[in-house]
Amino acid sequence: MKWKTRLGAGVTALAAVLGVVSAPGGATATAAPATALAAPDISLANIKGHLNQLQTIANNNGGTRSARGGGYAASVSYVENLLKNAGYTTTRQTCTSCLGQSQNLIAEWPQGDASQVIMLGAHLDSVSAGPGINDNGSGSASILEVALTLARTNPAMAKRVRFGWWADEESGLVGSKYYVNNLPSSERTKIKTYLNFDMIGSKNWGYFVYDDVASVKAVFDEYFSSIGIQTEGDSEGDGRSDHASFKSAGIPVGGLATGAGDIKSSAQAQKWGGTAGSPFDNCYHRACDTTANIPDPPLEKNSDAIAYALWKLAVGTPQGNDFSVSLNPASGTVQPGQSLQVAVSTATTSGSAQSISLSASGLPAGATASFSPATVQSGGSSTLTISTSASTPTGTFPLTVTADGVNADHTAAFSLGVGSSSCAPVTNSTRLDIPDYPGAAVNSTANVAGCARNASGTTKVEVHITHTYRGDLVLDLVAPDGTAYRLKNSSSDSTPNLDTTYTVNASPEAANGAWKLQIKDVGPADTGYLSSWTLTV
C-alpha cells in the first residue's frame, strides 16, 4: 500500500455485518451459504511457499523488491513462470511512467465469456526500505495461488477471469493507472468488477472489506459471516491502492485488507483479538516486513474469501448456447410465376454465438426457397427468397424455416399464399374525422387488385375516397416498402370535395403488407398527418 500519513487513532466500524447471528457469549455463528461449498480451499502452505520465494528474491536484491531494481523484475518472472505452466495467457506491459519502466503482469484464464471480465489484482512491488512481504507479497501470493487453484480445478466458467500484478504502486498507483488509462473504452466496459488485495496478512490484523460497492462488499461479507467473523468497511485504504485506478474509470471495485499503520481500537481488539493501541502492522513500510511478519490466520481466511468471491462471481455452469429465429413478414401472397422475399433474423439468447444453417420445407410443387446467406452466426440475418413457377398450384401453404445451430435447432412458420389468375378484390373502408372541424370527415374504401395483375405485371391498388370537408387536403398512400404515392396535392388540385378512385401500381413484393393512407389538412389549422387507416394486403 502506498505511503500516506496516518488517518487517526482508530478505525470505526463503517458497515453492519450482513446475516451474522449472535450466539451465546457474544460469539457469532451462522450456517455457511451453500455457494461456499463451490469454492475450493486455498492452500496456506502454497501461499507461504510463494512468500518464501519473494523473501529470497528480496534477500538477493539488497533486501527489497522495489520497482526501481532487480527484485521487482525477478518477482514478475517468478509469478509469470508459474502461471504460464498452469495454462494462463500472460502479458507483460511495460509501464513507461513507472520507476525503471517496470512491467505490469497480466494473466487471463482462457475460458468464460470474454465480454464479461472479473479481474483480481495486487501490487507486486515493495518500498525500497524492505522486502514488502505483507505489503504486498501477501496479496500477490494469495491471488497467485487462487489463480493456480482455478487452473488445477478447471471448473466451468460463466465469465472470463483476469489477474493483474501491478508495478510501482508505492510511487502512487502508477502501474495500475497506466494499465487502465491505456485500455480502449470497449475493453474497459468488459471489466464488470475489479477486486484488489493489498496487505491481507497484517500481524495485528483486522478484517476490512472495501465498501465502495455494496453488492460486491456483500459477497465477501457473506463468506466471513459463514465462518463467524465480523467485518468493517476499509477507510484506511480509501484511494490508497490500485482499486482507485479502476474506480476512477467507472469500474465497480471491491477488495480486502487487514490494516496498515492505523491503530487498532479496543472495540476492534475485542472483536478480532490482538493488541489495542498498536498499529495493525508495526512493520508497515519497514525492513522488518519479512515472512516473520505474517501470521497464518488472516492469510488463510482472506485467501479463502478471495476464492469464494471469485467462484461466486465468475465460476458456474453457464447457460447453454442458444438463439432465436424470426421472420418478417410471417406471411405473403404471390401469383404463380412470381417470387417474394422474407427477412430472416436471428439473435443469441444465451451463451456464445453459434453457426446456423438455414433451410425451408413445406413448399408447393414448382416452388423453391433460397437463403442469402444460407449460413449465419446467431445475431446475423439473411434474406429468404421464395420463387414459384407457372405450374405452382394455388392455395395457402404453411412453410417451415429451420435454423440448424451447433447447440440447438429452432423453427419459424411462414404462410405462403399462391393466388389464381382471377379472384375478388380485397375491400376495406373507414371513416377519418378531421380534428378541429366538427362533422368533417373522410370516408375511404380500398380495392386491392392483388390477384389480377395488369398489363405491366404489377399489382394494382385502387383507393376510392369521398369526403365532406371543404378545406385543403394532401393525400398520400404509403406502400409497405415505404414508397409514398401522392394521390392529391392541395397546391395543384383545389377541388373542395373528392369522390375519386385512385390507382397505383406496385411490384407484388412491395404490395404485400400494410398500406397506409395519410391525410394532411393544410388549411389554417394545419393538423399534420393522420395515419389512422391501414389495409393489409
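Basis for what follows: all heavy atoms, side chains included, without hydrogens, waters or symmetry-related copies.
No side-chain N or O of Gln101 forms a donor-acceptor pair with one of Thr96 less than 3.5 Å apart. Side-chain N/O atoms of Asn196 and Ser241 include a donor and acceptor closer than 3.5 Å. Under 3.5 Å, the side chains of Asp404 and Thr402 contain no donor-acceptor pair of N or O atoms.
With sequence neighbours left out, Lys301 forms a salt bridge (Lys or Arg N to Asp or Glu O under 4.0 Å) with no residue at all. A search for side-chain hydrogen bond (donor to acceptor under 3.5 Å, both in side chains) contacts involving His410 returns Asp322, not counting sequence neighbours. Residues that satisfy the side-chain contact (heavy atoms from CB on, under 4.5 Å) test with Ala276, not counting sequence neighbours, are Ser266, Ala269. The side-chain hydrogen bond (donor to acceptor under 3.5 Å, both in side chains) search around Glu187 returns Lys190, not counting sequence neighbours. Residues satisfying the salt bridge (Lys or Arg N to Asp or Glu O under 4.0 Å) criterion with Asp212, sequence neighbours excluded, are Lys247.
The neighbour count for Arg188 CZ, taken as heavy atoms of other residues, nucleotides or ligands under 6.0 Å away, is above 12.
Of all non-hydrogen atoms in Ser138 and Asn134, the two that sit nearest each other are OG-O, 2.6 Å.
Each salt bridge (Lys or Arg N to Asp or Glu O under 4.0 Å) pair with one or both residues in residues 283-296, not counting sequence neighbours, appears once here: Lys48-Asp296. Evaluation of the disulfide bond (SG atoms under 2.5 Å apart) test over residues 171-243, restricted to residues two or more places apart or in two chains, returns none. Among pairs with a residue in residues 120-153, none fulfils disulfide bond (SG atoms under 2.5 Å apart), at least two apart in sequence or across chains. Pairs of residues two or more places apart, or lying in two chains, never qualify as salt bridge (Lys or Arg N to Asp or Glu O under 4.0 Å) while including a residue from residues 117-130. Within the structure, disulfide bond (SG atoms under 2.5 Å apart) contacts touching residues 224-263 (residues at least two apart or in different chains) do not occur. For residues 43-100, the disulfide bond (SG atoms under 2.5 Å apart) pairs, not counting sequence neighbours, are Cys95-Cys98.
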List the atom pairs, donor and acceptor, that lie under 3.5 Å between side-chain atoms in residues 155-163 and the rest of the protein, sequence neighbours left out.
from   : atom 1 : to     : atom 2 : distance (Å)
Arg160 : NE     : Gln111 : O      : 2.8
Arg160 : NE     : Gly112 : O      : 3.2
Arg160 : NH1    : Glu108 : OE2    : 3.0
Arg160 : NH2    : Gly112 : O      : 3.0
Arg162 : NE     : Glu108 : OE1    : 2.6
Arg162 : NH1    : Tyr179 : OH     : 3.2
Arg162 : NH2    : Glu108 : OE1    : 3.1

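Separation of the Phe220 and Tyr210 ring centroids does not fall under the 6.0 Å cut-off. Taking the six-membered ring wherever Trp is involved, the centroid distance between the rings of Trp109 and Tyr88 falls below 6.0 Å. The ring of Tyr78 has its center no closer than 6.0 angstrom to the ring center of Trp165. For an aromatic pair to be called close, the ring centres must be under 6.0 Å apart, and His243 with Tyr194 fails this.
Using a 4.0 Å cut-off between charged side-chain N and carboxylate O, Glu145 and Arg152 make a salt bridge.
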### Message
Go through it in stages, so that I can follow the logic: the residues are Val146 and Leu310, the test is side-chain contact (heavy atoms from CB on, under 4.5 Å), and I'd like the CA-CA distance, side-chain angles, deciding distance and then a yes or no.
### Response
CA-CA 9 Å; Val146 168; Leu310 175 58; 3.7 Å; yes
